[in-house]
Amino acid sequence: MVRTLVPFDVTICGIPELDQFRDARVSHVLSIIDPQEPEPDSFRFYPSHERLTLRFDDVVGAYPGFQAPGRDDVKKLLDFGQSLQSSGKDGHLLVHCHAGISRSTAATAILLAQHNPGREREAFLALLDLRPHAWPNTRMVDYADELLERKGKMLMALGEYRRALLERKPHLAEIIRNIGRGNELPK
């Protein structure tokens, strides 16, 4: 499904999985890591690639002691997305955060939707195949919806994705509640 949205390969992972992709012909890397997290060592062994590192915590609101994703972070993400278009069919985008569940999956869906106005739902549903346990960061998607002038379409697509995921894996609802993000569960 991803190749119907973008002409390049897309991989999502967490930091512990990075070594698995060093020989995967990655041309672009989007790293989203906690503000105090050191640069992952794995990239010393990757071939030359374009890379953007964003630093913020995986939170969906303002919380003391945490740095939430901001509008400027999502703007940088979208600027990076523009450069991906030139990579063509030989490109390979690797997106990672700490666990490959929230920030990286939000970023991936945002990048897929960026180049496919009107196909926001497809962009988010692609996560079901790319990362079957994804729970994209709502705050990032909200900023992207605003910056891309999608008038709520991205947030609606995020809701549709979450409903589809919970149909497949209903047990995830309890996990989402337990980590304090129950307000993100679809109604």
Side-chain angles (χ1 to χ4, degrees), residues 1-15 17 28 30-33 52 54 56-61 68-71 73-78 80-82 84-85 92-187:
M1 177 188 259
V2 173
R3 282 291 188 155
T4 66
L5 295 165
V6 291
F8 46 85
D9 292 327
V10 179
T11 300
I12 303 170
C13 72
I15 291 173
E17 301 163 88
H28 293 75
L30 175 59
S31 294
I32 306 174
I33 54 181
L52 172 65
L54 299 173
F56 51 83
D57 292 298
D58 184 25
V59 293
V60 294
R71 190 176 195 279
D73 295 311
V74 176
K75 173 78 170 93
K76 289 175 188 170
L77 166 67
L78 293 170
F80 185 70
Q82 288 299 329
L84 285 168
Q85 282 304 92
H92 184 171
L93 169 65
L94 172 70
V95 184
H96 83 88
C97 60
H98 186 77
I101 295 173
S102 182
R103 292 170 287 184
S104 58
T105 60
T108 300
I110 288 166
L111 292 172
L112 295 175
Q114 177 182 19
H115 300 291
N116 293 282
R119 296 177 69 193
E120 293 83 5
R121 181 177 186 273
E122 289 174 70
F124 279 90
L125 291 179
L127 295 175
L128 292 170
D129 295 324
L130 283 170
R131 198 71 172 169
H133 55 282
W135 196 262
N137 183 293
T138 304
R139 184 177 175 114
M140 292 173 65
V141 175
D142 191 25
Y143 282 128
D145 190 271
E146 173 195 330
L147 289 165
L148 293 171
E149 300 178 354
R150 299 295 170 87
K151 298 178 174 37
K153 289 179 184 170
M154 292 188 62
L155 290 168
M156 285 177 28
L158 174 59
E160 289 183 47
Y161 162 77
R162 287 181 173 158
R163 280 188 281 287
L165 176 66
L166 292 172
E167 281 180 26
R168 288 184 182 188
K169 299 179 177 192
H171 68 281
L172 290 178
E174 188 61 29
I175 294 169
I176 297 303
R177 281 188 203 90
N178 289 341
I179 63 169
R181 288 173 67 172
N183 62 318
E184 294 179 294
L185 290 167
K187 307 286 187 247

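Since we're looking at a predicted model, the values are computed, not measured.
With rounding to the nearest 0.5 angstrom, the CZ atom of Arg150 is 12.0 Å from the CG atom of Leu155. Note that the NE2 atom of His133 and the CG atom of Leu127 stand 11.0 Å from one another [nearest 0.5 Å]. For the atom pair CD1 (Ile179) and CZ (Arg177), the distance works out to 11.5 Å, reported to the nearest 0.5 Å. One distance of note links CG of Leu93 with CZ of Phe80; it measures 6.0 Å at 0.5 Å rounding. The distance from atom CD of Glu120 to atom CG of Leu158, rounded to the nearest 0.5 Å, is 12.0 Å. Separation of atoms CD (Gln82) and CD (Gln114) is listed at 5.0 Å; rounding is to 0.5 Å.
Counting heavy atoms from C-beta outward, Leu111 and Leu30 have side chains that approach closer than 4.5 Å. Inter-residue side-chain proximity for Leu84 and Val6 is flagged as unmet; no heavy-atom pair is nearer than 4.5 Å. With a 4.5 Å cut-off on side-chain heavy atoms, Met154 and Phe124 count as touching. Side chains of Ile176 and Arg162 form no contact here, defined as non-hydrogen atoms less than 4.5 Å apart. Residues Leu78 and Tyr143 form no side-chain contact, since every pair of their non-hydrogen atoms from C-beta on lies 4.5 Å or further apart.
Looking at every heavy atom in both residues, Val10 comes nearest to Thr108 through CG1-CG2, 3.7 Å. Smallest separation of non-hydrogen atoms from Leu165 and Ala134: CD2-O, 3.1 Å. Taking all atoms of both residues into account, the shortest heavy-atom contact from Ala173 to Leu166 is N-CD2, 3.6 Å. Between Gly100 and Ile12, the shortest heavy-atom contact is O-CG2, 4.1 Å. Here the closest heavy-atom approach between residue Leu112 and residue Ala126 is recorded as CD1-CB, 4.1 Å. The two residues Leu54 and Asp73 have their closest heavy-atom pair at CD1-O, 3.7 Å.
Applying the side chain to side chain donor-acceptor pair (under 3.5 Å) test to Arg163 and every residue at least two apart in sequence or in another chain returns nothing. When the side-chain contact (heavy atoms from CB on, under 4.5 Å) test is applied to Ile175, the partners found at least two apart in sequence or on another chain are His171, Leu172. Qualifying side chain to side chain donor-acceptor pair (under 3.5 Å) partners for Arg181, counting only residues two or more places apart in sequence or in other chains: Asp58, Ser102, Glu184.
No donor-acceptor distance shorter than 3.5 angstrom exists from the side chain of Asn137 to the backbone of Val60, with no hydrogens or angles considered. Between the side chain of Arg103 and the backbone N or O of Phe56 there is at least one donor-acceptor pair closer than 3.5 Å. Under a 3.5 Å cut-off, the side chain of Arg168 and the backbone N or O of Pro132 do not form any donor-acceptor pair. Side-chain atoms of Arg139 come within 3.5 Å of backbone atoms of Pro69 as a donor-acceptor pair (strictly under, hydrogens ignored).
In His115, the NE2 atom is crowded: over 12 heavy atoms of neighbouring residues, nucleotides or ligands sit closer than 6.0 Å. Sparse packing is recorded around NZ of Lys75, with 12 or fewer heavy atoms of other residues, nucleotides or ligands lying under 6.0 Å away.
Side-chain contact annotation: His96 with Ser104, donor-acceptor N/O pair under 3.5 Å absent.
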